[in-house]
Amino acid sequence: MSHWLNHHLQAIKLVLSRMRSNALSSFIICLVISVALCLPSLFYLGVDNLSKLSQHMQNETEISLFLKLDTSSETIAQIDSALSQNPDILEYHFVSKDQAWQQLQLKSKDNADISNAVNHLASNPLPDAFFIQAKSAQPEQLEALRSSLQNIEGVGQALLNAEWAKRLATLLSIGKQFVFFVALLLAVVLLVMIGNTVRMQILTQKDEIEVSYLIGATNSFIKIPFLYAGALYGLFGGILSSIMITAMIMTFNQSIAEISHLYSSDFSLRVLNLQLYVSVTAIAIIIGWIGAYLSVSRALSVIRIK
Amino acid sequence: MIQFDNVSKRYPGSDEILKNISFNIDAGEFVFITGHSGAGKSTLLKLIAATELPTRGTVLVANQNVSQLKAWAIPFLRRRFGLIFQDHKLLFDRNCFENVILPLRINGIAEQEAAKRVRAALDKVGLLNKEKTMPITLSGGEQQRLAIARAVVSRPTILLADEPTGNLDADYATEIMNIFNAFHQVGVTVIMSTHDALGLSANKKRVLHLNQGVLTDTTQSQFGSNLNTETSL
């Protein structure tokens, strides 16, 4: 056991010292690996966060009922009673055009551009509206309710607020497939890149390998340092990419905070997405190991035959 | 210890390098393999060290049939030998110490113990003060001694040396021969190929003479380190 452990520790030490003696080129390799890891990670983060946002919106079951601008108060009362008798409606409330106008002015007070624009309007352009909370959250039933409300006399437009979020979710599922294929392609690139790097190292150590075989080295003794080299490239590349992604998210978050503020939301990206970092690094280590294994097996069979 | 029984060796696309060779080497012997270059001396040593396999016949090392060994077992067979190559096969990207420690790393010896043994081996060949020197800066004789240190550091029971004195002048050659004699005296089996008659006359040992792949001159000794009952060339 201690013999086995000693063997592995020596291999790791050997690899690290080789990397240190070629610090610059090792760093560049790790940098390239980390860039290759960053790309799918960033795509994933983008798609994942957008889909979380759209899911959040899809869960809203609110239907907005905007009335025609010239609706009389009798018609409003009729609609009110129709809504109160509808069994699919959980609750609803009425916002008159004057209330909406006041709310808009209040909300836009902080932002000079919008409040300027609002103040320039001569008259209130807003319609009276009902905001309806449906009982069901099923998209089909919501849609049925929406179209039945649309047909009520005096209703200008019935909007299912989640409609655009649903469309976004459909687009995002395509986006997720896209991320998957990008990740797959970059995994192949990574495999080839690490494999090639290890193959170059084997070539520079050809003499040592030949002598080692002659004086009784086993296959695993020769292979293990190279396998660790591949895995360590993956590890360092993964760590480097985690740092890069963190830096990018922090920059993103500043711009997102500005936008979120406009929408009076506190949405931001999670800076320390530990799960993502760990899985990306683990995948990189595994790919490094496999890449090294493939090239070491191929290169050594050539050396041995010779 | 080492038994050859009707061994022949042919490389693809060549004539037979060795033809029906049979001999026996006991533990503790000092054996010369002589012959012109191309006579098959190196091939004979390679067959013993299992770096080549016989085309026909059987090679037994410590009662193991080399041809029938599984691939995983061959490295462990090779660790019984200390190999000294015609071209040294030193690694020029590292210093003397690192060159000599290689077999111990392969054997999985712990670093501290290994360092002690490396210094002991370097001391035996008189290179203790060159521990940190790069081998490229050593003279031919020193390089050969370094190769010997690497071969003996793992304390093998059999030393196989392929023309260790071939490229050296007489003084260096004598020095190298003295080192081999010292190992022989402590019980190590030494098998050395040479085309150099000078080395032979100075050391009356058992001689296996190869001529065009045929073992023509097998002088059998009453083995024992100081009994010189065999004939020289």
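So you know, we letter chains A, B, ... as the sequences are listed, proteins then strands, and number each from 1.
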J.: For Arg94(B), is it the side chain, the backbone, both or neither that has a heavy atom under 4.5 Å from a heavy atom of chain A?
T.: side chain
J.: Drop me the distance from Asp207(A)'s CG to Asp93(B)'s CG, to the nearest 0.5 angstrom.
T.: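 So the gap between those two atoms works out to 8.0 Å.
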J.: Given a strict heavy-atom distance threshold of 4.5 Å, which part of Gln10(A) is in contact with chain B: side chain, backbone, both, or neither?
T.: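 For Gln10(A), side-chain heavy atoms alone lie under 4.5 Å from chain B.
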J.: Determine the minimum heavy-atom distance between Gly216(A) and Ile106(B), stating which atoms define it.
T.: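 Nearest pair, atom of Gly216(A) first, then Ile106(B): O-CG2, 3.4 Å.
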J.: Is the NE2 atom of His36(B) crowded by more than 12 outside heavy atoms at less than 6.0 Å?
T.: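 Not more than 12 within 6.0 Å, no.
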J.: For atom CG of Asn129(B), decide whether the heavy atoms of other residues, nucleotides or ligands shown that lie under 6.0 angstrom number more than 12.
T.: yes
J.: Could you report the tightest heavy-atom contact between Leu214(A) and Thr51(B), atom names first, then the distance?
T.: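 Closest heavy-atom pair between Leu214(A) and Thr51(B): CD2-CG2, 3.2 Å.
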J.: Walk me through whether Arg79(B) and Thr218(A) qualify under side-chain contact (heavy atoms from CB on, under 4.5 Å).
T.: CA-CA 10 Å; Arg79(B) 291 183 197 177; Thr218(A) 55; 3.5 Å; yes
J.: Determine the minimum heavy-atom distance between Tyr213(A) and Arg78(B), stating which atoms define it.
T.: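 Reported closest heavy-atom pair: O-NH1, 2.8 Å.
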J.: Under 4.5 Å from any heavy atom of chain A, what part of Ile74(B) do you find: side chain, backbone, both or neither?
T.: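 Neither part.
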J.: Would you say OH of Tyr293(A) has more than 12 non-hydrogen atoms from neighbouring residues, nucleotides or ligands within 6.0 angstrom?
T.: no
J.: Relative to chain A, which segment of Phe92(B) carries a heavy atom at a distance below 4.5 Å: side chain, backbone, both, or neither?
T.: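 Neither; nothing under 4.5 Å.
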J.: Please determine whether the number of non-hydrogen atoms from other residues, nucleotides or ligands lying under 6.0 Å from atom OH of Tyr44(A) exceeds 12.
T.: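 Atom OH in Tyr44(A) is not packed in, count stays at 12 or less.
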J.: Once rounded to the nearest 0.5 Å, what's the spacing between atom CG of Leu9(A) and atom CD of Glu111(B)?
T.: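 Between Leu9(A) CG and Glu111(B) CD, I get 11.0 Å after rounding to 0.5 Å.
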J.: Answer yes or no: does atom OH of Tyr11(B) have more than 12 heavy-atom neighbours from other residues, nucleotides or ligands under 6.0 Å?
T.: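 Above 12, so yes.
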J.: Is chain B contacted by the side chain of Asn219(A), its backbone, both, or neither, given a heavy-atom distance below 4.5 Å?
T.: neither
J.: What do you reckon, is CD of Gln112(B) surrounded by more than 12 foreign heavy atoms closer than 6.0 Å?
T.: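 Not more than 12 within 6.0 Å, no.
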